[in-house]
Trainee: 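Can you keep this structure in mind? I'll have questions shortly.
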Number of protein chains: 2
Amino acid sequence: MTEPNETRRPYHHGDLKRVIIDTALKMLSESNGWQFTLREIARRAEVSHAAPYKHFPDKDSLLAELALIGFDKLRDDLTISIGLLAASPIEQLIASAGAYIRFGLANPSHYKLMFSADAGGAGVVHLNERAMSAFAVLRDILKRGQNEGIFKKHPLEGQAAACWAQVHGLTMLSIDGLLLPEKVGANAIEAALRTLLEGLQK
Amino acid sequence: MTEPNETRRPYHHGDLKRVIIDTALKMLSESNGWQFTLREIARRAEVSHAAPYKHFPDKDSLLAELALIGFDKLRDDLTISIGLLAASPIEQLIASAGAYIRFGLANPSHYKLMFSADAGGAGVVHLNERAMSAFAVLRDILKRGQNEGIFKKHPLEGQAAACWAQVHGLTMLSIDGLLLPEKVGANAIEAALRTLLEGLQK
DNA sequence: ACCTGAACACCGTTCAAGT
DNA sequence: ACCTGAACACCGTTCAAGT
């Protein structure tokens with residue numbers, strides 16, 4: 001359907017790594033899980049099935065890179081969500097929780113991949129760093145809330161873990177179809193977040 | 001190492017389905033994820049690689065059955081944990097949360113499999129039923145707590161979702177190595193559960 | 001009723017060889 | 001510096017045939 005830019009596809013693709021990543025991201029969004037094959041990616045990119053190995057040592061490395069990209073995107077989404085309103089920590093927490101869950105539900109396979117140790121392999125360290133970087137957004141809201149006397153001054157780590165676990169749990173359970181309205185009430189997610197907030201507030 | 005019971009292994013194995021499930025459970029506990037192969041299971045069971053197909057239509061069906069078994073075990077663990085003490089709902093909630101997280105950390109691959117839609121396929125319905133059956137244990141504690149005037153009388157669904165999401169989130173993040181003491185404090189899990197409880201209590 | 005052996009259509013990964 | 005083609009050692013799954 002789309003006409004190639006070059007009249008003859010050159011031997012050297014030029015930007016294959018980008019294309020591989022983009023294709024993989026698309027396949028991630030098109031189906032459940034990350035069972036897509038490297039060979040299928042190569043087919044869609046119109047290169048030989050061995051070509052991807054010039055850019056990634058193996059499939060796990062590609063998956064790890066996709067996970068990194070996901071955490072960066074999540075951090076950006078969270079940052080944007082709290083920036084939109086120069087509001088109270090409570091409002092910020094609600095907004096960022098919403099953004100977090102929305103990210104997960106919009107990209108379920110990608111989200112699950114981000115937290116899957118499969119994606120680890122060699123690059124687990126970087127992965128955890130990026131995860132913590134997204135996590136830090138939530139943590140900072142809590143810190144501000146404590147400083148402003150809105151949240152209880154309990155150890156920050158515990159509160160932060162509670163928030164992260166709550167949004168992660170809600171996101172995962174929703175993705176896996178276990179928080180459906182028929183099962184668990186129409187707005188269980190909002191209610192759950194309210195419960196969390198009541199535990200945090202003075 | 002172990003001597004077979006029969007002097008000559010008979011053509012008909014007799015209890016192959018059980019052996020397949022047990023072998024799969026063992027492999028699940030021996031490595032990350034469920035990338036084990038049906039052929040390897042057949043090898044360990046000393047049958048042909050086609051034999052498992054007489055008992056499971058495909059690999060996903062086997063995985064689904066493993067997930068069912070997991071939810072049943074989890075429900076049992078939860079039930080036992082609250083039965084040990086004829087205690088207050090608060091103590092029961094803490095005990096069951098502990099049992100829940102311990103289950104996940106003791107069987108990380110199995111736990112993740114239980115919540116993985118991969119395992120769904122045809123039997124998603126039964127799976128969700130079993131999941132809800134485990135979930136009901138938590139829900140009942142909350143119900144009692146409300147009746148006894150210990151927990152806020154907010155809609156039960158929201159409170160239950162908050163509890164499940166909290167323990168599920170803590171379990172998953174721990175499994176994935178994101179709640180390590182170095183990262184997030186020594187007893188972030190206990191602290192997170194305390195935050196949850198403070199949101200529930202009157 | 002349950003199991004085997006051969007066969008099919010795939011994978012991931014490697015490597016010498018091409019441009 | 002980047003890509004290809006053939007090759008290897010696997011899979012999951014099927015099916016006619018055996019016991």
Side-chain angles (χ1 to χ4, degrees), chain A residues 4-24 27-28 30-67 113 116-123, chain B residues 4-24 27-28 30-67 113 116-123:
Chain A
N5 288 333
E6 304 85 4
T7 47
R8 291 190 304 144
R9 249 175 21 76
Y11 190 86
H12 291 80
H13 188 287
D15 202 13
L16 185 53
K17 182 164 184 176
R18 244 280 65 77
V19 172
I20 289 170
I21 289 176
D22 290 343
T23 308
M27 297 179 81
L28 212 43
E30 280 171 357
S31 62
N32 284 345
W34 41 97
Q35 298 315 318
F36 60 78
T37 70
L38 247 32
R39 289 174 105 110
E40 173 66 18
I41 291 177
R43 259 174 244 127
R44 296 204 190 182
E46 296 185 291
V47 291
S48 82
H49 61 256
Y53 286 87
K54 297 298 144 186
H55 300 277
F56 301 94
D58 51 29
K59 187 182 174 185
D60 278 350
S61 298
L62 170 58
L63 292 179
E65 189 130 346
L66 298 178
L113 173 61
S116 191
D118 312 22
Chain B
N5 288 334
E6 304 87 2
T7 48
R8 292 190 303 145
R9 247 177 22 76
Y11 190 85
H12 291 81
H13 188 288
D15 203 13
L16 185 52
K17 182 164 185 174
R18 244 285 59 81
V19 173
I20 289 171
I21 289 177
D22 290 344
T23 308
M27 297 180 82
L28 212 43
E30 279 171 357
S31 62
N32 284 345
W34 41 98
Q35 297 316 316
F36 59 77
T37 70
L38 247 31
R39 288 173 106 111
E40 174 66 19
I41 291 177
R43 258 173 245 128
R44 296 204 190 182
E46 296 184 292
V47 292
S48 81
H49 61 256
Y53 287 87
K54 299 298 146 187
H55 300 276
F56 301 95
D58 51 30
K59 187 181 174 186
D60 277 350
S61 299
L62 170 59
L63 293 179
E65 189 130 345
L66 298 178
L113 173 61
S116 191
D118 312 21

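Letters go in sequence order (proteins before strands), and every chain restarts at 1.
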Trainee: Answer whether the closest heavy-atom distance between the side chains of B/I21 and B/R18 falls below 4.5 Å.
Mentor: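 Result yes, sub-4.5 Å side-chain heavy-atom pair found.
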Trainee: Of A/R39 and A/A51, whose nearest nucleotide on DNA chain D comes first from the 5' end?
Mentor: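 Between the two, 5'-proximity favours A/A51.
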Trainee: What is the distance, rounded to the nearest whole Å, between atom CZ of A/F36 and atom C1' of C/dC10?
Mentor: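 Value for this atom pair: 17 Å.
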Trainee: Could you please name the option among D/dC3, D/dT4, C/dC11 that lies closest to any side-chain atom of A/H55?
Mentor: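 Of all the options, the side chain of A/H55 is nearest to D/dC3.
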Trainee: Please report the distance, rounded to the nearest Å, between NE2 in A/H49 and C1' in C/dT14.
Mentor: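 Spelled out: NE2 on A/H49 to C1' on C/dT14 is 10 Å.
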Trainee: Can you tell which of C/dT13, D/dG12, D/dC15 lies closest to the side chain of B/A50?
Mentor: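 Closest of the options to the side chain of B/A50: D/dC15.
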Trainee: Given atom NZ of A/K59 and atom P of C/dT14, what is their separation to the nearest angstrom?
Mentor: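 Going from A/K59 (NZ) to C/dT14 (P), I get 15 Å.
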Trainee: Tell me which nucleotide among C/dT13, C/dC11, D/dT13 gets nearest to the side chain of A/R43.
Mentor: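 Output: C/dC11.
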Trainee: Hey, does B/T23 have a side-chain heavy atom less than 4.5 Å from the side chain of B/F36?
Mentor: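 In short, these two side chains do not touch, never coming nearer than 4.5 Å.
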Trainee: May I have the distance from B/L62 (atom CG) to D/dG12 (atom P), rounded to whole angstrom?
Mentor: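 In whole Å, D/dG12 P lies 11 Å from B/L62 CG.
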Trainee: Does C/dG5 have a Watson-Crick or wobble partner in any strand here, with both distances under 3.5 angstrom, and which is it?
Mentor: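 Pair assignment: C/dG5 / D/dC15.
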Trainee: NZ of A/K17 versus P of D/dC2: gap in Å, rounded?
Mentor: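 After rounding, the gap between these two atoms is 10 Å.
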Trainee: Kindly give the heavy-atom pair with the smallest separation between A/I20 and A/P52, and that separation in Å.
Mentor: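 It is CD1-CA, 3.7 Å.
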Trainee: Atom CH2 of A/W34 and atom C1' of C/dG12: how far apart are they, to the nearest Å?
Mentor: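 Result: 18 Å.
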Trainee: What's the closest nucleotide to the A/Y53 side chain, out of C/dT13, D/dT14, D/dT13?
Mentor: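 That would be C/dT13.
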Trainee: Is the shortest heavy-atom distance from the side chain of A/H55 to the side chain of A/L16 under 4.5 Å?
Mentor: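 Result yes, sub-4.5 Å side-chain heavy-atom pair found.
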Trainee: Please state how far atom CG in A/L38 lies from atom C1' in C/dG12, giving the value in whole angstrom units.
Mentor: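 Atom-to-atom, A/L38 to C/dG12, this comes out as 8 Å.
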Trainee: Flag the pair A/L63 / A/F56 as yes when at least one side-chain heavy-atom distance between them is below 4.5 Å, and no otherwise.
Mentor: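 Not touching, per the 4.5 Å side-chain cut-off.
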Trainee: In whole angstroms, how far is the C1' atom of D/dC10 from the CD1 atom of B/I41?
Mentor: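 Those two atoms, CD1 and C1', are 16 Å apart.
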Trainee: Identify whether any heavy atom of B/K54 sits under 4.0 Å from a base atom; if not, whether one sits that close to sugar-phosphate; answer base, sugar-phosphate or nothing.
Mentor: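 The answer is base, as B/K54 lies within the cut-off (heavy atoms under 4.0 Å) of a base atom.
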